[in-house]
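Only one structure is covered here, and it is reproduced in the block below.
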Amino acid sequence: MSTTHLLPAVLPSLKATFKRPLLLRSPFSNVLTKQTRFNFQPTRSATGGAQKIVKKSSKLPQEKTQTQSVNKSPSVQIKESPNRDICEVLERLAIQERNNGQPFKERAYQKAMRSIVAYPTRLNSGKEAQTLPGVGDKIAKKIDQFLETGSVEQLLLSKSNQEEADLINLFQRISGIGPVKAKSFVDKGYKSLEDLAKEPQLTHHQRIGLKYIKEFEEKIPRDELERLLDIVKKATHEIDPRYIVEACGSFRRGANVSNDLDIILTHPDFTEVMESATDRKKVKTSLLMQVVQALENCGFLTDSISKGSVKYMGVCQLPKNKTDGLCTHHRIDLRLIPHQNYYAGLLAWTGDDEHNRIMRLRAKARGYTLSEYGLVRKIKAEIGEDTYDEKIHIQSEEDVFKVLDMPYKKPHERNMRGVVKKKYLMHEE
DNA sequence: CTGACGTCGCATTTGG
DNA sequence: CCACATGCGA
DNA sequence: GTCAG
């Protein structure tokens, strides 16, 4: 079955869903089946049955098994912890809080979960867990309850509540649907993705998310990303060789697989100190949009989620290849960054998050502020409490490390997630 | 006890 | 019509 | 929900 062949058909078919819902049943039912079979069986999940999905698709040569969670951005790997069951409980509590519209509680649970994943030995009590960062009173008590009874009260829902929660989780897997919209759609009575496709008030973003729900959840092999990036670079430099184009994110950190393609662009003509705001906007608009248009024209970009003067979000695809013929759709972001902010942006969007956090704390301790917009020194005025900012000119990522007096780290050395584990090992020695 | 927990571009809704 | 608020993703 | 101020 050729995906390209389907392409022209899929878009209209979604629009014409009212008339021909049957057309949609096949692509969606796979998702749903997967869903009910693997994801939303709390009893199985709690007993520690590995929630793994092996991608059977021959498209992906990786025999990558991935723990499938409702999280759009899977946060933590918990597979080989001696406290895996506890972590799964915390993960479910995190999801519950997100569905309750409590993002900070969600993060609090995730933080506790990360601590516990990194903990090398089996926890015997909540008290023991409470020594870890992010684990306080409440979580300690829940861990005790779990260790004693094998479950946590808060997670026990009535059947109907559980069904509702499952549905909210399902809808949130669609890009463009978050906790609020997911709940509102459930309240409106939608029971499935097929139902949802009939909703006339879906935004453009949500339609794209629904259309590609399966493909967006697939990991992208590194070699495919390299080819995608190559296309963007060539197309961009064909317009103007003065563009600088670089992929960030996990790809730049050397990952074998990624979730999406995150590209930043800059051009010497786009600086923050441009005369009139209108001129500036004109330049910005054309600088990013001409790249987008070129990529649309050659069929590389298949759908757009948002198009602004400095940020583009969309969907891309390799040209059909005669050896494997695969052309999975992937999320792609393009950012246009002011020329003098380029390296700060590169650093920030290369991450990872933890590495950013460490560098920003270091900057703060030294009287600087580091962000994607640059490295700024806070200087106190001679008189009074006023401060003013001195922007540090950055010509490379190395410059930032140098100014902050940190040893330079190559992108692939900036994977800080999971490094906590090493800390513990070192501590034991 | 109380506030922070990252912040911002873009699409879309809301309320004048 | 516009200005602001909200939801979302990153 | 947790932590720091």
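A, B, ... follow the sequence lines: proteins, then strands. Residue 1 opens every chain.
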Can you see whether A:Glu97 engages A:Tyr109 through a side-chain donor-acceptor pair at a distance of less than 3.5 angstrom? no
CD of A:Glu106 versus P of D:dT2: gap in Å, rounded? 15 Å
Rounded to whole Å, how long is the line connecting atom CG of A:Asp353 with atom P of B:dT7? 14 Å
State, without any angle test, whether A:Gln130 and A:Asp137 hold a side-chain donor-acceptor pair at a distance under 3.5 Å. yes
Just compare B:dG9, C:dA10, B:dC10 and give me whichever is closest to any side-chain atom of A:Tyr373. B:dG9
How close or far is atom C1' of D:dT2 from atom CZ of A:Arg114, stated in whole angstroms? 13 Å
Partner lookup for B:dT13, please. Criteria are Watson-Crick or G-U wobble with both distances under 3.5 angstrom; report none if nothing qualifies. none
Check whether any side-chain N or O of A:Arg331 sits under 4.0 Å from OP1 or OP2 of C:dG9, and answer yes or no. no
Say whether A:Ser81 and A:Tyr119, considering side chains only, have a donor N or O and an acceptor N or O under 3.5 Å apart. no
Closest of C:dC8, C:dA10, B:dG6 to the A:Met313 side chain is C:dA10
Atom P, compared across D:dC3 and B:dG6: separation rounded to whole Å: 15 Å
Per atom distances to the A:Val180 side chain, the nearest of C:dG9, C:dC8, B:dA11 is C:dC8
Side chain proximity check, A:Met406 to A:Arg366, heavy atoms < 4.5 angstrom: no
Ignoring the backbone of A:Asp333, work out which of C:dG9, C:dA10, B:dT12 is nearest its side chain. C:dA10
Determine: side-chain N/O of A:Arg107 to OP1/OP2 of B:dG6, distance under 4.0 Å, yes or no. yes
Looking at A:Lys111, I'd like to know whether one of its side-chain N or O atoms comes within less than 4.0 Å of OP1 or OP2 on D:dC3. no
A quick test of your reading: do over 12 heavy atoms of other residues, nucleotides or ligands sit less than 6.0 Å from CZ of A:Arg362? yes
Is the ring pair A:Tyr408/A:Phe401 parallel, tilted or perpendicular, if the boundaries are 30 and 60 degrees? perpendicular
Round to the nearest Å and state the distance from A:Asp137 atom CG to B:dC1 atom C1'. 15 Å
Euclidean distance, atom CG of residue A:Asn356 to atom C1' of B:dT7 [Å, nearest integer]: 12 Å
A:Asn259 CG - C:dG9 P separation (whole Å): 14 Å
May I ask you to say what A:Lys142 touches in the nucleic acid, namely base, sugar-phosphate or nothing, with a heavy-atom cut-off under 4.0 Å? sugar-phosphate
Have a look at A:Tyr312 and say if it touches a base, only the backbone sugar-phosphate, or nothing, with a 4.0 Å heavy-atom cut-off. nothing
Closest to the A:Phe104 side chain: D:dG1, C:dA10, B:dG9? D:dG1
Within the 4.0 Å heavy-atom criterion, would you say A:Pro179 contacts the bases, only the backbone, or no part of the nucleic acid? sugar-phosphate
Mind checking who B:dG6 pairs with, Watson-Crick or G-U wobble, both distances under 3.5 Å? none
May I ask you to say what A:Lys138 touches in the nucleic acid, namely base, sugar-phosphate or nothing, with a heavy-atom cut-off under 4.0 Å? sugar-phosphate
